[in-house]
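This report concerns only the one structure given below.
This chain uses plain numbering: 1 for the first residue, then up along the sequence. Remember, it's 1-based here, ligands and their atoms both numbered in the order they're listed.
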Amino acid sequence: MRKVFTPITFLLLVGIFFTNGAMCQKQSIIHPGELWPDNNGNHIQAHGGGIIKFGKTYYWYGECRRQGLDTAYRYVSCYSSKDLVNWTSRGDVVKMHDPENLGRRWILERPKVYYNEPTKKFVMYFHEDNAGYKVARVGIAVSDKPDGNFTFVKSFRPLGHESRDIGQFIDDDGTAYLIFEDRPYGFRIAKLSADYMSLEKEMCLIPQHMEGGALVHYHGLYYAIGSSLTGWSPNPNKYATAKSLEGPWSEFQDIAPPATKTYGSQSTMLIKVTGTKGTSVIFMGDIWKPRTQWDSRYLWMPLKIGDGKLWLPEPQPFTLNVKTG
Ligand code: DGJ
C-alpha cells in the first residue's frame, strides 16, 4: 500500500486546521472602528444598515460595497448572529438592476428589513434615488425568508413627502415605524400599515435637518438621534427626547464632544439589548470611507443613557452579552 500520511501531509493538515480555526474563531469583543470579520474572515459589508431579531437570531442587513461588484447592480447583504458579535454571511439578498430607470448611477441606500407577522413576509425598505438624490423615494422589496432573495415591488414618497435617509424603529409593543428625512422640513416618524407595504400615519415631524435618523424607547422615554447634512463627512450627531412619538420633542443636544464629530461616525440605528441583568443601548454608526466604501467601518458602542440624558463614550473595545444585557 502507498504511504500517504508523510510528515509533510501532517504539517499541511495542521496548517489547514489552524488557518480555518483562526478564521472561524468565536469573537467575544467588539472593536469599534476596526475591520469586523464575518465567519469567512471577510470584513462585514452591511453599511447604513439595520438589524432585526427573528426568533433567537439577529439579522443585519446593509449596503454591500464589496470590491469587484458588477456596477450595473446594487447589492444588499445579510448576516445572521445569535450574539451580535459573531456574524455569519447569508450572502447578497438583493442584487437589483435599476428597477425604475433612474440611470446608471442610481442609488440604493440604507436598507431596513421588517418581519410582518400577518403576511409572513420580510419587507425591505430602502432609499431609492437617482445620482443627484432628486427622486427621494423609498423602495420596497419582499422575501419569504430572512435571507432572501428580496424582490422589488414598488417605490413611493412616504405620505407624499420627500424621503432620503431612512431609519427603522420597532417599539416595545411591536409597532413598526419608518423614520425618514424630508428636506427641507426635518425628519418624520411614520407608522407602517398592517401589511407594512405602505405608511399608515405620521406620528410627528421633528423640524431639525437630520440624516441617519435612529430611535430607541428606553425607560418610558423616546430618544431620537440624527446627524447633520454633510454628505459622507462626519459631524456632531445630536439627540432629543419625548414622552410620546407625537412629541413634544426636547431641544437637540450633542451625543459626544462636538470636536470629535461623533468619533468620525454617523448614526444608523440604536439597538436595545434587554437581558437578565439589565438593558444596554448600543449606538450603531458608520465610519464612511467614500473613496474606498468597501473599507467603511462600524462604530458600535454602548451608550450612557437614562433620565433624559444620552452620551456616546469614547470608543473602546467592549464585550456584549445578549443573555444578561
Ligand atoms: C449622507 C447619508 O447619510 C448617506 O446615507 C449618503 O446618502 C450620503 N449622505 C451621500 O452623500
Side-chain angles (χ1 to χ4, degrees), residues 33 44-51 60-66 69 71 74-77 94 96 98 100 102-113 124-141 155 157-158 161-169 178-189 206 208-215 224-240 252 254-256 260-270 283-300 312:
I44 290 174
Q45 293 292 320
H47 313 288
I51 289 182
W60 183 3
Y61 302 88
E63 296 161 30
C64 178
R65 306 279 196 165
R66 204 171 51 237
L69 291 174
T71 54
R74 301 294 169 268
Y75 298 80
V76 175
S77 25
V94 167
M96 204 183 285
D98 187 4
E100 297 188 300
L102 296 174
R104 205 172 47 85
R105 288 171 56 224
W106 74 284
I107 304 287
L108 187 165
E109 286 180 350
R110 296 188 176 265
K112 305 285 180 279
V113 173
M124 178 185 291
Y125 277 66
F126 57 87
H127 172 194
E128 183 188 293
D129 227 319
N130 64 358
Y133 289 92
K134 294 286 183 288
V135 170
R137 294 164 79 87
V138 287
I140 291 189
S155 83
R157 281 192 165 175
H161 301 294
E162 290 190 16
S163 172
R164 290 184 176 83
D165 276 11
I166 58 166
Q168 110 188 84
F169 173 59
L178 183 77
I179 307 162
F180 59 99
E181 193 250 323
D182 175 15
R183 223 165 294 173
Y185 301 102
F187 71 93
R188 298 184 192 264
I189 302 168
I206 307 183
Q208 182 93 4
H209 302 301
M210 287 210 144
E211 296 189 312
L215 270 173
I225 287 196
S227 74
S228 311
L229 315 181
T230 55
W232 299 112
S233 311
N235 56 64
N237 292 191
K238 294 187 187 294
Y239 79 98
F252 275 83
D254 288 314
I255 71 164
T260 70
K261 299 190 175 165
T262 323
Y263 302 103
S265 73
Q266 181 191 22
S267 55
T268 187
M269 192 168 186
L270 297 168
F283 172 86
M284 228 174 114
D286 293 291
I287 301 176
W288 296 109
K289 299 199 181 176
R291 273 180 282 280
T292 50
Q293 281 285 24
W294 55 90
D295 189 35
S296 295
R297 308 291 173 92
Y298 310 99
L299 191 156
W300 285 25
L312 176 65

**OP:** With salt bridge (Lys or Arg N to Asp or Glu O under 4.0 Å) as the test, would you mind laying out the steps for Arg188 and Glu162 before giving the verdict?
**Re:** CA-CA 10 Å; Arg188 298 184 192 264; Glu162 290 190 16; over 6 Å; no
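Using a 4.0 Å heavy-atom criterion, the residues that approach ligand 1 are Glu109, Arg110, Tyr133, Asp165, Glu211, Gly231, Trp232, Gln266.
Only one option out of Leu270, Ile225, Ile179 pairs with Leu215 in a side chain to side chain contact (heavy atoms under 4.5 Å, CB included); it is Ile179.
Counted by atom type alone, Ser77 and Gln45 present zero donor-acceptor pairs between their side chains at under 3.5 Å. Defined by atom type and a distance below 3.5 Å, a donor-acceptor pair is present between the side-chain atoms of Tyr133 and Glu109.
Looking at Thr262, its side chain does come within 3.5 Å of a backbone N or O of Asn235 through a donor-acceptor pair.
Partners of Tyr239 according to the side chain to side chain donor-acceptor pair (under 3.5 Å) rule, which considers only residues two or more places apart in sequence or in another chain, do not exist here.
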